[in-house]
Number of protein chains: 2
Amino acid sequence: MITQADVAKAAGVSQSAVSKALLGGGGKTTKVSEKMAEHIQNVAKNLGYRPNLFAQRLARNTQNVIGIIIDSCCCGLYTDIMMEIEHLATQAGYRLQVGLVHDSLANIETYVNDFLGYDIQNIICFAHYYDFAEQVPPLFDRFRNPVFISKPMTSEKFAFVSPDYYANFYEAVDYLLKSGHRKVIYAKTAYDTYDARVRVQALRDAYAKYHLPLDEAQIFCKPLRNMDTPELMTLLLDDILPLKPDAIIVGGQTCINLCIRQLKERGLRVPEDISIVSLDCWPGHRYCIPNVTTINNEFMTIARETIRLLLENVGKRRRCTREIFIRGHLDQGETCISR
Amino acid sequence: MITQADVAKAAGVSQSAVSKALLGGGGKTTKVSEKMAEHIQNVAKNLGYRPNLFAQRLARNTQNVIGIIIDSCCCGLYTDIMMEIEHLATQAGYRLQVGLVHDSLANIETYVNDFLGYDIQNIICFAHYYDFAEQVPPLFDRFRNPVFISKPMTSEKFAFVSPDYYANFYEAVDYLLKSGHRKVIYAKTAYDTYDARVRVQALRDAYAKYHLPLDEAQIFCKPLRNMDTPELMTLLLDDILPLKPDAIIVGGQTCINLCIRQLKERGLRVPEDISIVSLDCWPGHRYCIPNVTTINNEFMTIARETIRLLLENVGKRRRCTREIFIRGHLDQGETCISR
DNA sequence: CTGAAAGCGCTTACAG
DNA sequence: CTGAAAGCGCTTACAG
């Protein structure tokens with residue numbers, strides 16, 4: 001590895017001159033002459049000099065890195081968010097440092113410690129909906145500028161940008177009830193998360209608005225993480241079909257495909273017999289057959305707001321606790337009809 | 001930020017004692033006594049000491065980081081690869097540093113420079129199929145241990161783990177011809193990549209094997225990157241339907257959905273009128289209706305082999321140039337029938 | 001067993 | 001304009 005000292009020797013100048021010529025020199029540092037700078041730059045280029053970033057970071061006290069912790073299994077669903085965050089961060093002159101975790105508190109802690117060790121204070125947490133959800137936010141207490149995507153599961157105040165789960169879900173149920181559905185199933189699983197909780201509330205509120213009775217069994221609630229395997233979907237349908245539902249609100253792409261497929265195997269058609277609404281929209285959901293009525297969370301907006309909030313609070317002493325909910329909307333597709 | 005010096009002062013010992021007590025001390029370094037170590041660890045814990053990773057990296061000369069450059073828009077398709085790589089790297093005691101890029105050589109170069117600046121020599125490149133594809137591999141010349149996922153577009157020798165595009169595609173065409181198809185369209189776009197090239201060859205070879213004539217028009221080739229928008233799919237179908245194809249081999253999930261949907265709008269049924277084979281399989285493709293006949297690239301195997309190859313070559317002086325092709329297979333689904 | 005000291009490769013205030 | 005030198009927070013060979 002070529003160092004500034006090597007360049008200095010080759011150019012016949014001091015090491016500090018090399019530093020100034022190549023990498024600026026902040027504060028009250030005096031500049032080197034135009035001529036010298038050029039000479040040094042040439043020598044450096046010929047030798048293939050590149051700064052050692054550790055040394056630089058150690059000597060400087062600035063940082064232009066944003067850390068982000070994301071669950072690796074969500075990259076698919078959140079491609080849009082990741083792309084937009086990457087784009088905006090780069091544009092703002094920041095570098096993204098991505099910690100890919102999966103489903104493990106220890107894993108998250110490892111990256112948190114790394115980030116702290118690198119003195120990265122600006123951090124986005126996008127991996128905190130687990131059965132250990134309450135244990136995640138405290139880890140981020142140690143950062144000066146943490147922003148969560150999705151409301152964190154804690155009473156402590158953190159800055160976050162979150163889909164407005166309540167409003168989005170309410171809109172979906174309202175739409176179903178308005179179009180004549182009476183027995184809407186929300187397949188929530190027993191896995192306790194903030195989003196699931198407020199969705200249940202939204203379901204109750206929407207039913208109350210229409211003065212319709214809500215059978216508690218309509219809130220499907222088994223100790224399962226998700227419905228993305230055939231076995232679990234079978235379990236779900238076994239449980240809820242006896243209730244004669246006319247609509248089901250359930251997970252994302254794979255889950256929806258499974259649901260439609262298994263309903264068909266049981267002789268039920270979508271949407272003729274049962275309407276379906278998806279909780280998350282995915283890239284290209286408009287092109288499925290039938291294309292799916294889905295809750296559009298406005299991920300791009302969430303990405304933009306997250307970066308905006310983060311950048312707004314870089315370097316501030318007091319930690320930001322803004323809570324931003326992004327209102328999404330229902331994308332009406334072919335999986336629902338009026339009853 | 002609490003430093004070792006702070007801990008040393010509070011514990012009434014030397015700074016080097018702190019270093020040894022907390023972080024090991026390699027080489028010929030003598031250990032501190034059990035008792036002292038415990039004392040120092042307590043003090044450090046109380047003060048909330050955490051090592052500055054820049055200083056550590058600068059002082060040490062080891063590295064336990066694997067860099068990976070990946071296109072952010074592919075995270076969806078490659079979720080499995082990312083998860084598996086993350087898992088295996090962590091398991092091997094390595095940390096992953098992810099450079100998320102999108103579609104820009106400058107972007108890739110930025111991360112390459114960063115990685116070099118951090119003296120990360122073990123690096124996975126998973127973002128090199130662009131119209132500037134030949135400009136990417138030279139950037140990785142500067143690493144001691146680079147591994148590409150998918151064969152890089154260069155005559156220079158690089159280590160890589162790649163789907164066996166030729167064999168996989170040949171199997172698909174062979175399957176179609178064997179089951180009575182005669183007019184198989186390969187929608188390749190004019191965008192020149194290694195995989196597209198060998199697929200064309202596989203198409204020719206398969207047709208030759210069956211002594212069937214291949215119309216050059218069956219190789220659809222327009223200056224488009226992909227077919228993932230309705231407009232481009234329309235363009236594709238306008239072009240190829242006059243040829244009366246009985247099978248189409250085309251992109252991934254969104255593209256397949258679009259294709260089936262637009263064929264339906266034109267009064268053509270899949271698979272009754274036209275069979276479809278997808279070039280990439282995606283999570284949950286088995287559950288679509290119809291579920292799709294797709295080329296399974298064995299991404300998990302690719303991930304495993306990539307990490308294995310990388311770890312095998314950590315620290316070696318001579319750069320590895322192993323070329324590993326992973327044979328996939330055809331996942332037969334409902335989008336194809338015998339003719 | 002313990003600690004003083006050199007060194008990693010930079011930045012930058014300061015003296016000439 | 002130029003460079004000697006202190007300092008960033010660690011590691012580690014070495015002397016006591």
Side-chain angles (χ1 to χ4, degrees), chain A residues 1-41 43-44 47-65 113-114 116-121, chain B residues 1-41 43-44 47-65 113-114 116-121:
Chain A
M1 197 166 197
I2 308 290
T3 68
Q4 288 185 357
D6 298 327
V7 177
K9 192 180 287 175
V13 298
S14 74
Q15 183 250 314
S16 56
V18 174
S19 175
K20 292 179 223 176
L22 297 180
L23 305 160
K28 308 180 189 174
T29 312
T30 49
K31 292 261 173 196
V32 295
S33 66
E34 190 70 26
K35 219 179 93 185
M36 191 184 200
E38 211 168 306
H39 171 222
I40 294 176
Q41 278 152 16
V43 174
L47 290 178
Y49 169 76
R50 50 190 65 257
N52 178 317
L53 260 35
F54 294 127
Q56 210 168 47
R57 291 274 167 83
L58 188 60
R60 278 214 253 264
N61 46 4
T62 60
Q63 186 71 282
N64 68 335
V65 176
N113 284 332
D114 276 7
L116 287 169
Y118 289 131
D119 197 29
I120 295 173
Q121 295 294 342
Chain B
M1 197 165 197
I2 309 290
T3 68
Q4 288 184 356
D6 298 326
V7 178
K9 192 180 287 175
V13 297
S14 73
Q15 183 249 315
S16 55
V18 174
S19 175
K20 291 179 221 177
L22 298 179
L23 305 161
K28 307 180 191 176
T29 311
T30 49
K31 293 261 170 194
V32 295
S33 66
E34 190 69 25
K35 220 180 93 186
M36 190 183 200
E38 212 168 305
H39 172 223
I40 294 176
Q41 278 152 17
V43 175
L47 290 178
Y49 169 76
R50 51 189 65 260
N52 179 315
L53 261 33
F54 295 127
Q56 210 168 46
R57 290 275 167 82
L58 187 60
R60 278 214 252 263
N61 46 5
T62 59
Q63 185 72 280
N64 68 334
V65 175
N113 284 332
D114 276 7
L116 288 168
Y118 289 131
D119 197 28
I120 294 173
Q121 295 295 340

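Everything quoted here is computed from the prediction, not taken from an experiment. Naming convention: chains lettered A, B, ... in sequence-line order (proteins, then strands); numbering from 1 in each chain.
Using the Watson-Crick or G-U wobble rule with both distances under 3.5 Å, D:dT2 pairs with C:dA15.
We find that CG of B:N52 is positioned 17 Å from P of D:dG7, with the value rounded to whole Å. In this structure, A:F54 places its CZ atom 19 Å from C1' of D:dG7, rounding to the nearest Å. Atom CG in A:D119 sits about 12 Å away from atom C1' in D:dC8, given to the nearest Å. Put simply, CG on A:L58 is 4 Å from C1' on D:dC8, counting in whole angstrom units. Rounded to an integer number of Å, the gap from CD of B:Q4 to C1' of D:dT11 is 8 Å. Following rounding to the nearest Å, B:R60 (CZ) and C:dG9 (C1') show an atom-to-atom distance of 17 Å. In this structure, the CG atom of A:L53 is 15 Å from the C1' atom of C:dC8, given to the nearest Å. One atom, CG of A:L22, and another, P of C:dG9, lie 16 Å apart when rounded to the nearest Å.
Contact check for B:R50 versus B:I2: no side-chain heavy atoms found under the 4.5 Å cut-off. Here the side chains of A:R60 and B:F54 are not in contact, with every heavy-atom distance at 4.5 Å or above.
Put simply, B:Y49 has a side-chain N or O that comes within less than 4.0 Å of OP1 or OP2 on D:dC10. Between A:Q15 and D:dA5 there is no side-chain polar atom (N or O) within less than 4.0 angstrom of OP1 or OP2. For B:S19, a side-chain nitrogen or oxygen approaches OP1 or OP2 of D:dT11 to under 4.0 Å. Close to D:dG9, at under 4.0 Å from its OP1 or OP2, lies no side-chain N or O of B:T3. Here A:S33 reaches the OP1 or OP2 of D:dT2: one of its side-chain N or O atoms lies under 4.0 Å away.
Here A:T3 contributes atom OG1 and A:N52 contributes atom CG; the two are 9.5 Å apart, rounded to the nearest 0.5 Å.
Taking all atoms of both residues into account, the shortest heavy-atom contact from A:V13 to A:V18 is CG2-CG2, 3.9 Å. The two residues A:A17 and A:M36 come nearest to each other via the heavy atoms CB-CE, 3.9 Å.
In terms of position along DNA chain C, the nucleotide closest to B:S14 lies nearer the 5' end than the nucleotide closest to the other residue of the pair B:S14 and A:S16.
Considering only the side chain of B:A59, C:dG7 comes nearest among C:dG7, C:dG3, C:dA13.
The residue A:Q56 sits close only to the backbone: its heavy atoms come under 4.0 Å of sugar-phosphate atoms, none of a base. Counting any heavy atom pair closer than 4.0 Å across all strands shown, A:M1 reaches no nucleic acid atom.
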